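Accompanying notes for the structure given below.
Residue numbers start at 1 and run along the sequence shown. These figures come from a predicted structure and were not determined experimentally. One-based numbering, in listed order, for ligands and for the atoms of each.
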Amino acid sequence: MLLDKQLIEDKNKSLLSAHKRSFEFTADGVANLNQVLQKLVAFQIAIPSWALGTGGTRFGRFSGSGEPRNLEEKLSDVGLLHALNQSSGAISLHIPWDIPQDAAAIKALAASYYIKFDAVNSNTFQDQATQEHSYKFGSLQHVDKAVRKQAIDHNIEVIKQGVALGSKALTVWLADGSCFPGQLNFRGAWERTYESLQEIYAALPYDWKVFVEYKAFEPNFYSMSVGDWGQSYLYASKLGPKAYTLVDLGHHLPNTNIEQIVSLLMMENKLAGFHFNDSKYGDDDLTVGSINPYQLFLIFNELVEGMDAKGMNHATDLGWMIDASHNVKDPLEDLLQSIEAIMIAYAQALLVDTKALKEAQAVNDVVRCQEILQTAYRTDVRSLVAQARLLSGGALQPLNLYRQMNIRKELVKERGEKTVATGL
Ligand code: LRH
Ligand code: MN
């Protein structure tokens with residue numbers, strides 16, 4: 001299902017005058033307006049290939065309809081999102097959930113939707129039918145060298161898949177850890193995991209990166225072998241300059257100050273990028289900005305300040321990816337909402353008067369510091385984000401247009417009612 005720019009332009013016509021009014025109102029107060037718009041236009045967020053169908057919990061999964069049946073249809077769905085918001089110009093594949101049978105054909109198809117391949121993800125947290133050794137007691141940490149070798153070989157195979165698609169990074173998330181005290185020697189597990197990661201690191205092409213994703217817990221876990229940013233940073237700093245720490249917003253203990261972690265990882269040039277989502281308690285993988293939009297703003301505030309301090313390119317120097325799971329929403333509507341929330345938080349952060357903030361911090365004017373931050377956070381930037389979309393040929397209101405055009409109904413007609421996508 002293709003949405004061409006002409007159709008979107010036609011659909012925008014009836015919304016233009018209202019948009020123009022709110023944009024001019026907001027733009028009036030924005031000092032560096034063109035810079036802000038250019039940055040928003042350039043900012044692209046990768047869609048996870050594993051989140052284009054309905055997810056579930058260990059207790060139940062309530063399937064959606066018209067879900068993509070293969071990688072080609074997943075690319076078409078990401079192409080749809082990108083046509084609507086012009087901010088979803090990449091996909092992040094999870095192997096083996098989405099193995100490209102013909103990499104060249106898949107790469108060409110993605111290019112026809114203006115989609116690039118972001119980081120590829122390995123999977124040593126599930127046993128595949130053809131697998132010789134089980135990951136029941138872990139993978140890269142496993143006490144049995146044969147299991148570790150199997151997991152290392154899988155990661156090296158995933159790198160090869162990524163190279164064929166033009167990806168430049170491997171994300172490693174490990175469900176390795178223990179369920180009970182005494183089950184695991186922490187130092188032994190760390191050292192085995194490190195040795196395994198060293199072999200994977202050695203297989204990286206010269207211009208590739210490896211993202212070490214940490215996670216505090218899953219139900220049933222007593223410890224995880226990459227349990228927090230410190231452990232991931234330890235691996236990344238010992239592995240070498242191509243290794244970085246990936247921050248999945250849902251992978252923290254409650255009330256963790258994630259924006260402080262982000263600031264310090266950037267200071268150390270060890271921030272890989274993000275898996276954006278939101279959560280109330282555990283790794284809920286909810287719509288970005290649906291629970292704690294202020295935290296998302298504070299994270300982007302640190303990102304903009306930190307990237308500008310190092311002269312980094314906002315759009316290309318970090319990995320911007322979503323990692324979500326859709327249990328009760330249409331996956332495409334959920335992803336459209338998540339992209340919008342990320343663009344809004346980024347736009348708000350671009351409006352922070354950093355010069356005034358530094359001056360207030362220098363004199364410990366705590367009240368003024370908060371006022372400067374919250375003035376940006378309380379600015380309604382939706383028309384700035386919409387203007388950036390308009391400039392890129394996107395829809396002024398992507399979600400409304402998705403509904404107006406009954407896209408899900410069309411996908412069901414095309415694919416059938418009960419199709420199930422691979423992934424979470
Ligand atoms: C683990 C995780 C990881 C993926 C998986 C789908 O919770 O965040 O990034 O491999 O979700
Ligand atoms: Mn993740």
Side-chain angles (χ1 to χ4, degrees), residues 45-58 61 74 90-99 117-128 135 138-140 151 154-155 157-159 161-162 167 169-177 197 200 209-221 223-229 231-232 235-236 244-253 256 258 261-262 265 271-288 296 299 318-327 331 334-335 338 342 421-424:
I45 300 147
I47 305 295
S49 66
W50 60 92
L52 291 161
T54 307
T57 73
R58 58 186 174 157
R61 180 182 181 281
K74 289 190 176 192
I91 187 170
S92 180
L93 294 192
H94 218 297
I95 310 282
W97 289 336
D98 296 296
I99 295 182
F117 288 90
D118 206 303
V120 283
N121 300 263
S122 60
N123 177 342
T124 58
F125 50 85
Q126 293 172 325
D127 288 347
Q128 308 305 319
Y135 294 134
S139 61
L140 301 185
H154 165 69
N155 278 277
E157 177 52 32
V158 173
I159 292 171
Q161 304 262 9
S167 171
L170 167 72
T171 295
V172 178
W173 173 68
L174 302 172
D176 290 24
L197 284 170
I200 296 167
K209 298 175 176 177
V210 60
F211 299 163
V212 181
E213 183 177 2
Y214 61 88
K215 181 167 184 173
F217 74 100
E218 265 291 325
N220 194 262
F221 274 75
S223 76
M224 295 203 89
S225 294
V226 190
D228 61 21
W229 76 281
Q231 295 174 46
S232 169
Y235 288 117
Y244 298 81
T245 290
L246 182 92
V247 178
D248 184 312
L249 300 190
H251 289 188
H252 301 85
L253 295 173
T256 297
I258 303 175
I261 294 172
V262 167
L265 284 171
L271 178 62
F274 294 85
H275 277 182
F276 289 114
N277 46 54
D278 211 338
S279 46
K280 179 73 176 164
Y281 305 104
D283 188 17
D284 306 339
D285 279 341
L286 296 171
T287 316
V288 183
L296 186 67
I299 289 170
L318 291 174
W320 311 110
M321 295 161 276
I322 288 176
D323 183 357
S325 170
H326 324 288
N327 299 349
D334 198 335
L335 290 163
S338 281
I342 294 167
T422 56
L424 272 185

Legend entry - Interatomic spacing from CG in L52 to CG in L335 - rounded to 0.5 Å: 6.0 Å
Legend entry - T54 and R61, any side-chain heavy atoms less than 4.5 Å apart: yes
Inset, instruction - For the Mn ion (ligand 2), find the closest N/O/S atom belonging to D323 and write down its atom name. - result: OD2
Legend entry - Atom name, E213 (N, O or S, nearest to the Mn ion (ligand 2)): OE2
Legend entry - Within-cut-off N or O pair, W50 and ligand 1, under 3.5 Å: no
Legend entry - Minimum side-chain heavy-atom gap I200-L140 below 4.5 Å: yes
Legend entry - the Mn ion (ligand 2) to H275: nearest N/O/S atom name: ND1
Legend entry - Heteroatom distance test (W173, ligand 1): nitrogen or oxygen, under 3.5 angstrom: no
Inset, instruction - Kindly indicate whether the side chain of I261, heavy atoms from C-beta on, has any atom under 4.5 Å from the side chain of D228. - result: no
Inset, instruction - Return the orientation label for the F274 and F276 ring planes: parallel under 30°, perpendicular over 60°, tilted otherwise. - result: parallel
Inset, instruction - Check whether any N or O atom of D283, backbone or side chain, sits under 3.5 Å from an N or O atom of ligand 1, and answer yes or no. - result: yes
Legend entry - Atom indices of ligand 1 within 4.0 angstrom of H275 heavy atoms, with elements: 9 (O)
Legend entry - Backbone or side-chain N/O/S of H251 under 2.8 Å of the Mn ion (ligand 2): no
Inset, instruction - Would you check if there is a donor-acceptor pair between the side chains of S92 and N121 at a distance under 3.5 Å? - result: yes
Legend entry - Within-cut-off N or O pair, N121 and ligand 1, under 3.5 Å: no
Inset, instruction - Flag D323 as yes when one of its N or O atoms lies below 3.5 Å from any N or O atom of ligand 1, and as no otherwise. - result: yes
Inset, instruction - Have a look at D248 and say which of its N, O or S atoms is nearest the Mn ion (ligand 2). - result: OD2
Legend entry - ring pair (Phe, Tyr, Trp, His ring centres under 6.0 Å) partner of W173, the single match among Y214, F125, W50: F125
Legend entry - Interfacing atoms of ligand 1 (cut-off 4.0 Å, heavy-atom, H94): 4 (C), 6 (C), 10 (O)
Legend entry - S338 versus N277, side-chain donor and acceptor atoms under 3.5 Å: no
